[in-house]
Number of protein chains: 2
Amino acid sequence: MAADADPARKSIGARRNPDSADAILEAAEAVLVEAGYAGFSIEAVARRARAGKPTIYRWWPSKAALLLEVYQRQKRVDVPDTGRLEEDLVGFLKNLFAHWRETSSGSVFRSLIAEAQSDDTASASLAGYALGRRSHTGQILERAKARGEIGVDIDSALVADLIASFAWKHLLTNRLDEDEATIRKTVNYVMRGIAAPGK
Amino acid sequence: MAADADPARKSIGARRNPDSADAILEAAEAVLVEAGYAGFSIEAVARRARAGKPTIYRWWPSKAALLLEVYQRQKRVDVPDTGRLEEDLVGFLKNLFAHWRETSSGSVFRSLIAEAQSDDTASASLAGYALGRRSHTGQILERAKARGEIGVDIDSALVADLIASFAWKHLLTNRLDEDEATIRKTVNYVMRGIAAPGK
DNA sequence: GCCTGAAAACGGGCCGTTTCGTTTGATCGC
DNA sequence: GCGATCAAACGAAACGGCCCGTTTTCAGGC
């Protein structure tokens, strides 16, 4: 250990650590994965990061703010680009479910949604994210429009919202293990809405 | 939990259940509405109900269990039956959003979803509810089938799941104030998927 | 000698539980 | 019948513990 064993002369000192923010964010993510949202406390994060609570509160005003930044650091899920809308949508949902299952992203996103139910900062951020036109599904649909695969008059936001809602509900009800057939059935159904003549 | 309307099930000793249980459930709902999910604690409920904490813990093993029973006591939203599928779906979503906005049901359901992210009991219950075939949207679709308005081969569960996902996401992102036009647009889109020939 | 920043301590709230003394109501002896 | 009895449920208080958000203390760098 770096710390001297002599209690009368603790020489561990106050080392300047400009990158401690990274350590705290990594610790926060680790706590979230290992202990879940219920065990996610500033205390636990500080212990894990070997940092003091005031250090965390200096940079993040609330638990929600820390959670938000952990969320924004997440690696993005792969968005396929196969040249066919159906394959892109099915592939994306498959990737997304696997991503949520197998990385910390699922835990983080679930926690963010839960936190948003009692914290205005998280709620506003989540609403902004959900309303954003840059969602992955939106990109897939825009590409299909550019290829001429679907009409430019299709309401991408509406379709993307439906697909995203489907994914959210599966995340929130622990149904991320759907097989490809189920996902494809839903995608096919939604695509029938695209193909049918507008009303 | 289980409806025990059986007066024959008796043993020795005092049984003053109903009054106190009702008072606690009403207090729990009131706390949830007034203080939100963040302020929903057993302590707060006990204070409000002028009951002791042990009384609450005797009947409900956890916060999630109490939340579940509050949720199950909620008045159900009106399910319209106009004889036309489109009007039924639009009317139901309008009713549902208004119900969530204007009664305590929205707060209770949001809290239940949040709790489900860290409590297995709530999670299992929520998943069961979401999987249930007796959902309101499912009833509307079954009625449309019985009238011959849509084919019996339509996957009601899939369509109901899509509609429910849409509603959930709007609840969770504070977008319950959508006007009828937006709701109708989504319903029309989903109905085009019904009308289009299957693949 | 300031200033930065980590560690420790503080006051407060809620948790889930235990321990009181009291109240209720079904059972049973009279 | 009817009152005594006794188990169960009750409200209240207090507990040890954890975590909150803040404040204070103190060691080193400039």
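Basis for what follows: all heavy atoms, side chains included, without hydrogens, waters or symmetry-related copies. Labels below follow one simple rule: chain letters A, B, ... track the order of the sequence lines, proteins then strands, and each chain is numbered from 1.
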Tell me which nucleotide among C:dC15, D:dT22, C:dT18 gets nearest to the side chain of B:P54.
-> C:dT18
Lys/Arg-Asp/Glu bridge criterion (N-O < 4.0 Å) met for B:R84, B:E149 | no
Rounded to the nearest Å, what distance is computed from the CD atom of residue A:E43 to the C1' atom of nucleotide C:dG11?
-> 14 Å
Any side-chain N or O of A:R47 under 4.0 Å from OP1/OP2 of D:dC19?
-> yes
Within this structure, what is the CH2-to-C1' distance between B:W59 and C:dG16, rounded to whole angstrom?
-> 18 Å
When you check the phosphate oxygens OP1 and OP2 of D:dA9, does a side-chain N or O of B:T55 lie under 4.0 Å from one of them?
-> no
Is B:E87 salt-bridged to B:R184, cutoff N-O under 4.0 Å?
-> yes
May I have the distance from A:K53 (atom NZ) to C:dA9 (atom P), rounded to whole angstrom?
-> 12 Å
Do A:N174 and B:S123 have a side chain donor and acceptor closer than 3.5 Å?
-> yes
Length of the line joining B:I42:CD1 and C:dG13:C1', which is rounded to integer Å | 15 Å
Between B:R58 and D:dC10, is there a side-chain N or O to OP1/OP2 distance below 4.0 Å?
-> yes
Test the B:K63-B:Y57 pair against the cation-pi criterion, namely NZ or CZ under 6.0 angstrom from the six-membered ring centroid and within 45° of the ring axis.
-> no
Please state how far atom CD1 in B:I24 lies from atom P in D:dA9, giving the value in whole angstrom units.
-> 13 Å
Nucleotide C:dC14, atom P - distance to CZ of B:F40 in whole Å | 13 Å
Whole-Å distance between D:dC10 P and B:Y57 OH?
-> 16 Å
Using a cut-off of strictly less than 4.0 Å, decide whether A:S41 has a side-chain nitrogen or oxygen near OP1 or OP2 of D:dC18.
-> no
From CD1 of A:I56 across to P of C:dA8 the rounded distance in Å is 15 Å
